[in-house]
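What follows is a short report on a single structure.
First the proteins, then the strands, lettered A, B, ... as listed; each starts at 1.
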2 protein chains.
Amino acid sequence: MILKSQVEWALHCCAILAGLPEGRYLSTKALAEFHGLPKEYLSKALQSLSQAGLVDTTLGPSGGYRLARPPAELTFLDIVEAVEGKARTFVCNNIRENNPCRPQGYCESGPCPVARIMWEADEAWREKLRAVRLSDLTEALALDIPADLWKSSFEWVLERAG
Amino acid sequence: MILKSQVEWALHCCAILAGLPEGRYLSTKALAEFHGLPKEYLSKALQSLSQAGLVDTTLGPSGGYRLARPPAELTFLDIVEAVEGKARTFVCNNIRENNPCRPQGYCESGPCPVARIMWEADEAWREKLRAVRLSDLTEALALDIPADLWKSSFEWVLERAG
DNA sequence: TCTATTAAGGATATGAAATATCCCTATTCT
DNA sequence: AGAATAGGGATATTTCATATCCTTAATAGA
């Protein structure tokens, strides 16, 4: 069970978009080049963000993507779910129904206890992701990245932002 | 990102094994029939439990599986990891290395902040699974399942346990 | 108005992983 | 001796992630 690499891509792209000056857009092409990713496929991930309403887009030259909300109002969970989907990671196939001792026409009361426990763990994962804002990530990146690399990257992006 | 259905199978099978009297074994055939699962493929899941040391096995007629430890000393995480593997659900491909502004020969200090956050959520999921013992599941099942179905199921298993 | 550039999305190809079955071997019980 | 079992290798099938290509509509700038 491994998350799509598109999740990683989307998170990094959002981090870049978070640093864009008000009203500017950044294209798939620039984001793909900056991260060394296949442009066409990255485009699918960005479309997922767009469909989820996390980013705004505009067409034409100087078009591209920008965040739809301030970075403090975007959580990791928003981004992960936009790309990976909101479905739970544990699917209950209700195999207890196959119990040969089960009376004919018997109907289970609630969700299977196995599923209930697995879903609680799933929810703990989501809760953790919900607690991290995109702004937390940019703050962590600011500490992690040397000042000169941070600066040159920012300028690289600005040159390409429409 | 969805867990293998083998995880569900293994959890249900362990719940059955937890009810087995001391020293008795239950075969793949019986476990597959009880849950309505493909015997050959379920066998692979049980082999994973065996390789992880969670169950003991014995050969021959009246052979099969039993728990290697008391149900209170087996956690959900033990079982999930035995089948699904211990790898993290988020893989960091370190795409920050592709930053075109990155100086030649520059080496990242620690793990990528994005990965660090995703791994924390992953750990929260594991922590939750680690906190649930197999005995907790059997207790929940005892409350969930009507007494007569519980009893007839137990007898069904006993008849087939070697 | 014309041209270049963009996002959106459909179609399709490729690769890896989950799912499933089959068969052979060694072991153990009756 | 014979039957039933776990273990495990080989292989097929299906599903999904990954990836590319192409068309369309919108937009900016010349």
The remaining residues in the hydrophobic cluster of L59(B), counting side-chain heavy-atom contacts under 4.5 Å among Ile, Leu, Val, Met, Phe, Trp and Tyr, are none
Cluster membership besides V91(B), Ile/Leu/Val/Met/Phe/Trp/Tyr side chains within less than 4.5 angstrom, sorted by chain and number, is I2(A)
Between W150(B) (side chain only) and A142(B) (backbone N and O only), is there a donor and an acceptor less than 3.5 Å apart?
no
| said: Keeping S50(A) on the side-chain end and L46(A) on the backbone end, is there a donor-acceptor pair under 3.5 Å? | reply: no
Members of [range] that approach DNA chain D, where some heavy atom sits under 4.0 Å away:
range                      : result
residues 75-100 of chain B : none
residues 38-47 of chain B  : K44(B), Q47(B)
residues 10-34 of chain A  : none

Will you find, in the side chains of [X] and [Y], an N or O donor that is under 3.5 Å from an N or O acceptor?
X       : Y       : answer
R96(A)  : N94(A)  : yes
S135(B) : E139(B) : no
N93(A)  : S5(B)   : no

(request) Please work out which of the three classes, parallel, tilted or perpendicular, describes the rings of W156(A) and F34(A), given edges at 30° and 60°. (result) tilted
Using a cut-off of less than 4.0 Å, is there contact between a side-chain N or O of S50(B) and OP1 or OP2 of dA6(D)? no
Worksheet item: Quick one: is dG9(C) close enough that its OP1 or OP2 comes under 4.0 Å of any side-chain N or O from Q51(A)?
Response: yes
Check: Under 4.0 angstrom, heavy atoms only, what part of the nucleic acid is G162(A) near: base, sugar-phosphate, or nothing?
Finding: nothing
Between E123(B) and the options R116(B), R130(B), R88(B), K128(B), the salt bridge (charged side-chain N to carboxylate O under 4.0 Å, His left out) test singles out R130(B)
For nucleotides 26-30 of chain D, print each protein N/O atom paired with a nucleotide N/O atom at under 3.5 Å, atom names and distance only.
none

